[in-house]
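I have placed the structure first, in the form of structure tokens, so that the comments after it can refer back to it.
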Amino acid sequence: MRWNIKSKPEKEKVQALQNALQVDETIATLLVQRGIETFEQAKTFFRPTLQDLHNPYLMKDMDKAVSRIEKAIANNENILVFGDYDVDGTTAVSLVSSYLRSFYPNVATYIPDRYNEGYGISYLGIDYAEDNDISLIIALDCGIKSIDHVTYANEKNIDFIICDHHRPGDVLPDAIAVLDPKRADCFYPYDELCGCGVGFKLIQALAENRNQTMEDLLPYLDLVATAIAADIVPITGENRVLAKFGLEVINSNPRPGIKALVQNVKKKVLTITDVVFIVAPRINAAGRVKHGNEAVALLTEYDLDQAKQFASEIEQHNSDRKELDKQITKEALLQIEENKEKDHFSTVVYQENWHKGVIGIVASRLVENYYRPTIVFTKSGDKLAASARSVKDFDVYNALEACAEYLEQFGGHMYAAGMTLKEENYQKFKAAFETEVKNTIHPDLLTPEISVDLEMNFSDFDEKFMRVLKQFEPFGPENMTPVFKSNNIIDSGYAKTLGNDDEHLKVFVKQNNSPNFNAIGFGLGDKINLVKNRNPFEAVYVLEENEWNGTVSLQLQLRDVRTSE
């Protein structure tokens, strides 16, 4: 594990912000590290408002999209809301369809079958539209590369509006409107929205057109916050506003489907991290194990009892998913060993009967094991389909582009992608991908890195400091929970391991004459000998509040420990 301590920002900037905000140097430093250097920027960061959201009509083609939807409503046309089967796609479909149905009945939804249709817009979906006299399809979280599909729909007099956030190719589909802030010719001020976020901009524009206000759209933000959390997009700019207000909806008045999913969670207030680990995997499990339609049914259900029934079925899918990914990960690790590929620069594995719904999770698990760009293939019809996951700072999408001659299709972004290829090209692709990664990855990127914000003394931590730190939430990419480093830490003689395999570390620590702090290190059980017998050690950690029997205390969540130098 590499500890990368961020360089201190310019002293003058920190000092100026410190004076402007009347905060201590540590808080000012953490803000400047996040690009917040003025009183106004800090105000927007700490007190985001719905007025901070951009005008949706700044997005290229938004006027065309709204005009086509209004025309469909005026002409009593049937509208199909189409989306991908993951969390971003199913929340986006639930969002746009439930908003449209609030004033217009002729709206159907369609989630492609992961196994029969694969990712993105499908010919089967377009045929379904034709069979059901649907003349407008709104595609969410997919479609930016679906050139042939849109042409196929045009031949059947079916119009498309595409709302996507993935990187476009050189040519855009011939749709009525293509909403994608990553379009080269789109000058929308924020291009890190997720698919559901782009869907939200569409309903924001429609709402404006209908003289509705942001207050009317607040109930939809629980879906947007869930997608932002699940899709690991930066929690900056508009995403920060949408995530913050969406979390408030989740914690105060969520839709019945989300309420049913979190009913057994003991915590009173859910954070973005809770959404990532509790809500998102369950919504995802429907599309992974059964069908994404079940997620949409849950998220658009207004009867709580019915929602609870859907949620319990999804809970079962999630249990099945856990078993599957455990088993496949085991088989994949064995394959790496048997193929003598432990020392490779990449991982590429394939077995024809691996469950397509969990290969993305398995890829992430393998990254945890070997920490290198990873692709997991399975059989899908007469082709092989795969999910790719990357390591920090390595662009797996670019690596796939370099091997595109062996691929049928691929799409995604820097850290995650999907692809298909013909079986006879598998070995050629595997060799080409290994060569590409070997030639382009910096050796340092093959060791996991902990990015450390600041070196701190325990004496700096108190309730006031924690109160301000909590206002940095919601945390996520580009606004991660601050990680601190401290030296000369001593355990008070209580060091022990926890868990069935002694995998976790529990210590009670102090530094010099500071108060004692509880500290827990998940997965650090093997480091107990470094901290036993009052050996001084250094640690990187995040500060958190721990509630036990009604008492709240500060606790360190250890990320790594090593012997003090």
Side-chain angles (χ1 to χ4, degrees), residues 55-84 89-112 120-144 146-165 172-180 183 186 195-213 216-217 219-220 223-224 293 296-297 299-300:
N55 177 345
Y57 286 98
L58 294 173
M59 196 176 288
K60 177 90 173 169
D61 281 3
M62 185 62 81
D63 50 345
K64 294 177 186 170
V66 170
S67 152
R68 180 64 185 91
I69 291 168
E70 292 294 5
K71 180 184 163 197
I73 291 166
N75 294 341
N76 218 27
E77 294 175 58
N78 293 325
I79 299 173
L80 184 67
V81 182
F82 185 109
D84 187 28
T90 52
T91 51
V93 167
S94 303
L95 171 91
V96 173
S97 64
S98 57
Y99 174 74
L100 288 174
R101 283 175 185 152
S102 68
F103 55 82
Y104 183 65
N106 304 353
V107 178
T109 61
Y110 192 99
I111 303 287
I121 294 168
S122 67
Y123 292 113
L124 278 177
I126 296 166
D127 292 343
Y128 171 88
E130 184 183 35
D131 293 344
N132 289 277
D133 194 26
I134 288 163
S135 46
L136 175 62
I137 300 177
I138 302 171
L140 296 145
D141 189 34
C142 61
I144 196 65
S146 301
I147 316 287
D148 296 343
H149 293 87
V150 173
T151 302
Y152 179 74
N154 288 343
E155 287 162 3
K156 296 175 180 294
N157 294 319
I158 297 169
D159 287 339
F160 255 101
I161 292 169
I162 287 168
C163 307
D164 205 345
H165 70 121
L172 294 176
D174 183 21
I176 294 289
V178 178
L179 308 179
D180 187 335
R183 276 178 71 163
C186 177
C196 188
V198 178
F200 181 77
K201 297 313 291 187
L202 176 62
I203 72 166
Q204 191 189 344
L206 284 162
E208 236 172 74
N209 211 40
R210 296 175 160 265
N211 297 318
Q212 290 176 302
T213 66
D216 298 309
L217 300 182
Y220 298 95
L223 292 171
V224 186
N293 284 335
V296 174
L299 296 172
T300 54

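Quick note: numbers below take in every heavy atom, side chains included, and nothing from hydrogens, waters or symmetry partners.
- Atom CG of Leu95 is separated from atom OH of Tyr220 by 8.0 Å, given to the nearest 0.5 angstrom.
- For the side-chain hydrogen bond (donor to acceptor under 3.5 Å, both in side chains) test, no residue two or more places apart in sequence or in another chain qualifies with Thr300.
- Using a 4.5 Å cut-off on side-chain heavy atoms (C-beta onward), Leu58 and Lys201 make no contact.
- Of the inter-residue distances, the one linking Asp61 atom CG with Ile161 atom CD1 reads 9.5 Å to the nearest 0.5 angstrom.
- Nearest heavy atom pair, residue Gly143 against residue Pro173, reads O-CG, 3.2 Å.
- Legend: residues meeting side chain to side chain contact (heavy atoms under 4.5 Å, CB included) with Tyr123, ordered by chain and number and at least two apart, are Asp148, His149, Tyr152.
- The heavy-atom pair separating Cys163 from Val198 by the smallest distance is CB-CG1, 3.7 Å.
- In this structure Asp159 satisfies the salt bridge (charged side-chain N to carboxylate O under 4.0 Å, His left out) test together with Arg68, sequence neighbours excluded.
- Between the side chain of Asp180 and the main chain of Ile144, no donor-acceptor pair closer than 3.5 Å is present.
- Applying the salt bridge (charged side-chain N to carboxylate O under 4.0 Å, His left out) rule to Glu70 yields the partners Arg210; only residues at least two apart in sequence or on another chain are considered.
- Considering only residues two or more places apart in sequence or on other chains, Phe200 meets the ring pair (Phe, Tyr, Trp, His ring centres under 6.0 Å) condition with none of them.
- Closest approach of Ala175 and Ile162 over heavy atoms only: CB-CD1, 4.1 Å.
- Under the 4.5 Å side-chain criterion, counting only non-hydrogen atoms from C-beta, Leu202 is in contact with Ile69.
- Contacts of Ala153 classified as side chain to side chain contact (heavy atoms under 4.5 Å, CB included), with partners at least two apart in sequence or in another chain: Ile126, Ile158, Phe160.
- Residues that satisfy the side-chain hydrogen bond (donor to acceptor under 3.5 Å, both in side chains) test with Asn293, not counting sequence neighbours, are His291.
- His165 and Gly195 get closest at one heavy-atom pair: CD2-N, 3.3 Å.
- Checked by atom type and distance alone, the side chain of Arg183 pairs as donor or acceptor with a backbone atom of Val178 at under 3.5 Å.
- Here the straight-line distance linking atom CG of Leu206 with atom CE of Met62 works out to 8.0 Å at 0.5 Å rounding.
- Nearest heavy atom pair, residue Gly83 against residue Pro112, reads O-CD, 2.9 Å.
- Between atom CG of residue Asn154 and atom CG of residue Asp174 there is a gap of 5.0 Å, rounded to the nearest 0.5 Å.
- Sequence neighbours left out, the pairs with a member in residues 89-100 that pass side-chain hydrogen bond (donor to acceptor under 3.5 Å, both in side chains) are Tyr99-Gln212.
- Within the 3.5 Å criterion, the main-chain N or O of Ala205 finds a donor-acceptor partner in the side chain of Tyr57.
- Checked against side chain to side chain contact (heavy atoms under 4.5 Å, CB included), Asp84 has the following partners two or more places apart in sequence or in another chain: Asp86, Tyr119, Asp141.
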Please list, one pair per line, the donor and acceptor atoms closer than 3.5 Å that link side chains of residues 128-140 to other protein atoms, with sequence neighbours excluded.
{"unit_1": "Glu130", "atom_1": "OE1", "unit_2": "Lys156", "atom_2": "NZ", "d": "3.0"}
{"unit_1": "Asn132", "atom_1": "ND2", "unit_2": "Tyr128", "atom_2": "O", "d": "2.8"}
{"unit_1": "Ser135", "atom_1": "OG", "unit_2": "Glu77", "atom_2": "OE1", "d": "2.5"}

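- For Asn157, there are no side chain to side chain contact (heavy atoms under 4.5 Å, CB included) partners, not counting sequence neighbours.
- The minimum heavy-atom distance linking Cys142 with Asp164 is given by the pair C-OD2, 3.1 Å.
- Judged as a salt bridge (charged side-chain N to carboxylate O under 4.0 Å, His left out), and not counting sequence neighbours, Lys71 has no contacts.
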